[in-house]
J.: 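Provided herewith is a single structure, encoded as structure tokens, for subsequent inquiry.
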Amino acid sequence: MSVKVRFAPSPTGRLHVGNVRTALVNWLFAQNARIGGQGGQFVLRIDDTDLARSTPEFEQGIEDDLRWLGLEWDERHNQSKRFDAYHATADRLKAAGRLYPCYETGDELDRRRKVQLSRGLPPIYDRAALSLTEDDKAKLEAEGRRPHWRFKLDGRRVAWEDLARGHAEVDTASMSDPVLIREDGLYLYTLPSVVDDIDMGVTHVIRGEDHVTNTGAQIEIFEALGGPVPSFAHMPLLVDANGDALSKRLGSLSIAQLREEGVEPIAITSHLGRIGTSDPLEVAESIEALGQGFAFSKMGRSPARYDEADLKRLNAQALHAMDYNAAKPRLAALGCDLGEAFWDVVRPNLELFGDVEEMARIVQGPIMPVIEDKAFAEAALEVLPETLGADAWSVWTAAVKERTGAKGKALFMPLRLILTGQPHGPDMASLVPLIGRERIAGRLRGETV
Ligand code: GLU
């Protein structure tokens with residue numbers, strides 16, 4: 001069997017870490033299937049049936065974010081171009097008596113729900129519309145009412161083997177018949193999603209566990225339409241570092257924002273691909289490597305903890321492991337390509353790629369030296385070796401120690417402050433030959449060079 005999955009975002013906002021995790025896990029699953037010789041197609045399906053809320057800008061943003069993360073798609077669709085298929089399917093369901101018109105207003109439904117609750121009954125739609133005669137309907141329409149359309153559930157236990165949750169069941173008798181088409185004619189996502197999954201040959205539906213109940217209804221719709229019913233995986237939702245649901249904060253956790261902050265895509269994909277699994281939370285070499293190790297069997301029901309501190313750690317890991325060839329074009333773009341030796345010295349100190357600018361400034365100047373003891377700086381200048389080879393730092397600091405009597409921190413910290421203007425930074429022994437004698441001498445004299 002050839003695996004085909006889809007990611008179906010609505011272009012009504014920017015992608016955030018929650019929906020990107022869904023996209024990523026779909027992508028990883030497809031990639032893993034491809035490695036295993038089972039095809040592996042990833043479909044991007046823009047869920048833009050809500051024409052009023054969807055915008056081309058958000059659609060473009062989704063594509064940009066996915067591409068930036070390395071999540072390329074094999075096929076791409078817009079649901080807004082497939083209304084004919086939805087109309088035809090709706091007609092079939094109407095003819096089969098599975099889709100029926102209802103005329104209640106929101107207020108009327110609310111009132112009924114309150115009555116049900118006050119009697120201790122579950123607030124399920126009572127199917128009153130099913131007993132409307134053609135005359136009743138004509139009368140309601142003459143009043144100016146437009147119908148919304150509900151799918152008539154079988155009302156039974158719908159069961160499936162969920163790839164992430166194991167055996168899953170939904171009792172559709174405990175659910176209201178879902179509205180598939182609103183009174184303004186808008187298709188809610190439930191029906192288009194099933195129609196597309198069938199037409200596009202989607203084999204696996206992978207999404208968040210907030211869709212479990214929908215799945216019960218959708219499996220009935222798949223069956224009513226003659227299927228085939230795909231496999232399902234519902235992933236535990238994201239929680240924050242304290243274990244609280246992240247859903248309310250997701251809006252502020254956009255990929256665009258992380259990108260702006262300078263976070264590496266591989267740090268994001270490693271984090272989102274591995275939280276909530278039994279894999280160690282380490283940065284992956286590539287997203288292909290993540291896909292290679294992907295398995296739903298590693299994903300339990302435990303919540304996936306999205307922790308910014310972990311993301312930061314993975315980001316640093318990614319930079320520390322980045323080789324010069326990968327860094328070179330980005331260094332050049334920042335005007336910081338000072339060669340491979342420079343990159344090797346600074347990369348263990350990077351938290352964000354952009355930190356490299358500050359480090360390049362230490363090498364190239366200008367740096368305002370911090371001199372706390374002028375006599376110490378003068379003494380250090382007097383014994384500064386003529387040529388600065390690989391062992392310059394140890395030779396020089398030994399001489400400064402002999403001349404001034406300073407040792408340990410009292411020896412190294414003032415030199416660091418003078419040469420770099422900061423109390424922390426890359427290894428001094430490696431930095432010194434890069435900065436060069438002329439600049440070091442200038443900084444020891446108190447010059448901003
Ligand atoms: N647009 C839907 C959502 O984002 C798609 C759900 C699905 O994957 O079926 O919730």
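For ligands, and for the atoms within them, numbers begin at 1 and follow the listed sequence.
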J.: Check each of K4, R6, R45 against E75 using the salt bridge (Lys or Arg N to Asp or Glu O under 4.0 Å) test, and report the only one that passes.
T.: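 Testing E75 for a salt bridge (Lys or Arg N to Asp or Glu O under 4.0 Å) against K4, R6, R45 leaves exactly one candidate, K4.
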J.: Once side-chain hydrogen bond (donor to acceptor under 3.5 Å, both in side chains) is applied, do any residues pair with Q218, and if so which ones, sequence neighbours excluded?
T.: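 Only R207 meet the side-chain hydrogen bond (donor to acceptor under 3.5 Å, both in side chains) criterion with Q218.
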J.: Do any side-chain atoms of residues 22-31 form donor-acceptor pairs under 3.5 angstrom with protein atoms, and if so which ones, sequence neighbours left out?
T.:
{"unit_1": "N26", "atom_1": "ND2", "unit_2": "T22", "atom_2": "O", "d": "2.9"}
{"unit_1": "N26", "atom_1": "ND2", "unit_2": "I206", "atom_2": "O", "d": "3.0"}
{"unit_1": "W27", "atom_1": "NE1", "unit_2": "E72", "atom_2": "O", "d": "3.1"}

J.: Every pair of nitrogen or oxygen atoms between ligand 1 and the protein that is under 3.5 angstrom apart - can you list them with their distances to 0.1 Å?
T.:
{"unit_1": "ligand 1", "atom_1": "1 (N)", "unit_2": "A8", "atom_2": "O", "d": "2.7"}
{"unit_1": "ligand 1", "atom_1": "1 (N)", "unit_2": "D47", "atom_2": "OD2", "d": "2.5"}
{"unit_1": "ligand 1", "atom_1": "8 (O)", "unit_2": "R6", "atom_2": "NH1", "d": "2.8"}
{"unit_1": "ligand 1", "atom_1": "9 (O)", "unit_2": "R6", "atom_2": "NH1", "d": "3.4"}
{"unit_1": "ligand 1", "atom_1": "9 (O)", "unit_2": "R6", "atom_2": "NH2", "d": "2.9"}
{"unit_1": "ligand 1", "atom_1": "9 (O)", "unit_2": "R207", "atom_2": "NH1", "d": "2.7"}
{"unit_1": "ligand 1", "atom_1": "10 (O)", "unit_2": "H211", "atom_2": "NE2", "d": "3.1"}

J.: Among pairs that include at least one residue of residues 266-281, which meet side-chain hydrogen bond (donor to acceptor under 3.5 Å, both in side chains), considering only residues two or more places apart or in two chains?
T.: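 Residue pairs passing side-chain hydrogen bond (donor to acceptor under 3.5 Å, both in side chains), neighbours aside: D279-K298.
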J.: If you draw the axis of the six-membered ring of Y125, does the NZ or CZ of R150 fall within 45° of it and under 6.0 Å from the ring centre?
T.: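 The answer is yes, since R150 meets both limits relative to Y125.
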J.: Hey, does the Lys NZ or Arg CZ of K328 hover above the aromatic six-ring of W343, less than 6.0 Å from the centre and inside 45° of the axis?
T.: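 No, cation not above the ring by the 6.0 Å, 45° rule.
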